[in-house]
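Below, chain A is the first sequence line, B the second, and so on; all start at residue 1.
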There are 2 protein chains.
Amino acid sequence: MARERKIDMVILGLLSHEDLTGYDIKKRIDGAISFFWKGSFGNIYPALKGMENQGLITKNDTSVGGREKTTYHITESGSDALKDWLKEEQASNELKYETLLKLFFGGAESRGVSVHNIEVFEEQIQKDLKVLKKYSEALEKALDVEDHIYYSITASFGIETYEAYLKWCAKAKKMLKQRGGK
Amino acid sequence: MARERKIDMVILGLLSHEDLTGYDIKKRIDGAISFFWKGSFGNIYPALKGMENQGLITKNDTSVGGREKTTYHITESGSDALKDWLKEEQASNELKYETLLKLFFGGAESRGVSVHNIEVFEEQIQKDLKVLKKYSEALEKALDVEDHIYYSITASFGIETYEAYLKWCAKAKKMLKQRGGK
DNA sequence: GCTATTATATATCAAAACGATATATCAAAT
DNA sequence: ATTTGATATATCGTTTTGATATATAATAGC
């Protein structure tokens, strides 16, 4: 019980660097960490409310013209919660790959469908890899290397795995084509 | 709306090979496909009920002594639903890596904690890789190669990615150690 | 033979995440 | 001038997660 809401830690991690609005948080998640984590508005906004009630963050309402905006700031208590989580060694790592699922159960269908599914996946990865490599190169050029080491390491994780995916795509297609199609 | 329940397709995929109970289904998911998909009882049992109502599967109750058992069987309509899903080219592929998350936000903590987190991750992967390789070797020895090609391909995906993870672990640890610790 | 443990089997529940949608303002481009 | 896209917050139904409860059958150890 009293399960830990993972999104809380993501938000606290982001807020430990700078004050942000819910919308900003979504953008950050969609940016640098999107290849190993995701978040939605339906996830972020309730979490912000909950954490404000718990005193982990404080809010600051501003309005520019008719436009409202709520910026969140991490408290000392929130900072402690983040540190506690970082120290815990258990971590859940999981992937949900529908492409693999389709391939695994694809025996019921034609060989061509499986090859096509791999190609669609391959294209997506190639696109993602391109973006990630650009991001990684930009990081290396940045002056404050010490501060960016963790960003580099996570980006390198993405690059390594994406390259492994592409390697597998080539292999898988070859295997499927060699045996002729149904 | 009427969003597609992914677990339905997993269950239909498994039932397309053999009749199974809810418990069996959980075991199958925990087995060969666990490295790219997960399922829980709280997910499986309601899905079975729902699909039975939709006519995608039929149930068969038996009782051995005081023990009750419900075995499910795929219908033609269920088989069609599976085929339709296999043909759709869109597929959601996502990973949630708490280890990466901790590393990314680890700047707030000591360098040693980050290295330790990587080591914990590394050990888990080494363990999983061992299991997967054994499974893969067993597959290659199997006579009915044609039927097992899809199993081989998905297993090879796991091996490729796990090996990429290990490669990254070594690299990441080196990077963190080179720069000395806080 | 007795007992403890593990495997089989189904089920439910609160909390969390997902994904889609709604609403409205502001900035930029056509 | 208008349409498109970015900013900003919010909600809602469905699905998933993870934990827990319950009970029987089989196996292993003493």
Side-chain angles (χ1 to χ4, degrees), chain A residues 1-11 19-31 33-34 36-54 57 59-72 90-98 101, chain B residues 1-11 19-31 34 36-54 57 59-72 85 90-98 101:
Chain A
M1 54 199 86
R3 238 196 314 164
E4 196 174 60
R5 208 164 21 182
K6 296 282 163 64
I7 189 70
D8 284 5
M9 298 304 135
V10 179
I11 294 172
D19 292 355
L20 298 165
T21 67
Y23 187 80
D24 289 333
I25 288 166
K26 174 79 165 102
K27 271 197 300 180
R28 293 288 186 289
I29 293 175
D30 287 345
I33 69 169
S34 67
F36 62 87
W37 205 270
K38 289 211 164 49
S40 63
F41 289 128
N43 200 5
I44 293 165
Y45 284 109
L48 285 169
K49 268 189 189 166
M51 287 199 290
E52 209 231 324
N53 288 336
Q54 288 169 64
I57 55 176
K59 70 172 174 178
N60 189 270
D61 293 308
T62 53
S63 68
V64 189
R67 180 80 148 282
E68 276 178 42
K69 202 169 145 167
T70 306
T71 307
Y72 290 91
Q90 80 267 31
S92 78
N93 298 305
E94 50 188 274
L95 48 170
K96 297 208 127 184
Y97 269 47
E98 207 178 344
L101 218 48
Chain B
M1 259 163 263
R3 236 193 320 158
E4 195 173 61
R5 209 164 22 180
K6 298 283 162 66
I7 190 69
D8 284 3
M9 297 305 134
V10 178
I11 294 172
D19 291 355
L20 297 165
T21 67
Y23 187 80
D24 289 332
I25 288 166
K26 172 79 165 101
K27 272 196 299 178
R28 293 287 185 290
I29 294 175
D30 288 346
S34 68
F36 64 86
W37 205 269
K38 290 210 166 46
S40 63
F41 288 128
N43 201 5
I44 295 164
Y45 284 110
L48 286 170
K49 267 187 192 168
M51 287 198 291
E52 208 231 323
N53 289 334
Q54 287 170 64
I57 55 176
K59 70 171 174 179
N60 187 270
D61 294 307
T62 52
S63 68
V64 187
R67 179 80 148 283
E68 276 179 41
K69 203 170 147 167
T70 306
T71 307
Y72 290 91
W85 169 74
Q90 81 267 31
S92 79
N93 297 305
E94 49 187 275
L95 47 171
K96 296 208 127 184
Y97 269 47
E98 206 177 346
L101 218 48

What's the [atom1]-[atom2] distance between [X] and [N], to the nearest Å?
X	N	atom1	atom2	value
A:K38	D:dT16	NZ	C1'	17 Å
B:K6	C:dC18	NZ	C1'	10 Å
A:K26	D:dG5	NZ	C1'	16 Å
B:D30	C:dA7	CG	C1'	13 Å

Which heavy atom of A:W37 sits nearest a heavy atom of A:K6, and at what distance?
->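 Looking at all heavy atoms of both residues, the shortest contact is CZ2-CB, 3.7 Å.
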
Would you indicate what [X] reaches in the nucleic acid, counting non-hydrogen atoms under 4.0 angstrom: base, sugar-phosphate, or nothing?
X	result
B:T21	sugar-phosphate
B:K96	sugar-phosphate
A:G42	base

Can you give one letter per nucleotide of nucleotides 22-28 of chain C, going 5' to 3': B for a protein heavy atom under 4.0 Å from the base, S for sugar-phosphate only, - for none?
-> ---BS--

According to a strict under-4.0 Å criterion, is B:K69 in side-chain N/O contact with OP1 or OP2 of D:dA23?
-> no

For DNA chain D, determine which residues of residues 43-52 of chain B have any heavy atom closer than 4.0 angstrom to one of its atoms, and list them numerically.
->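 Under 4.0 Å from DNA chain D: B:N43.
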
Is the number of heavy atoms from other residues, nucleotides or ligands within 6.0 Å of CD (B:E68) greater than 12?
-> no

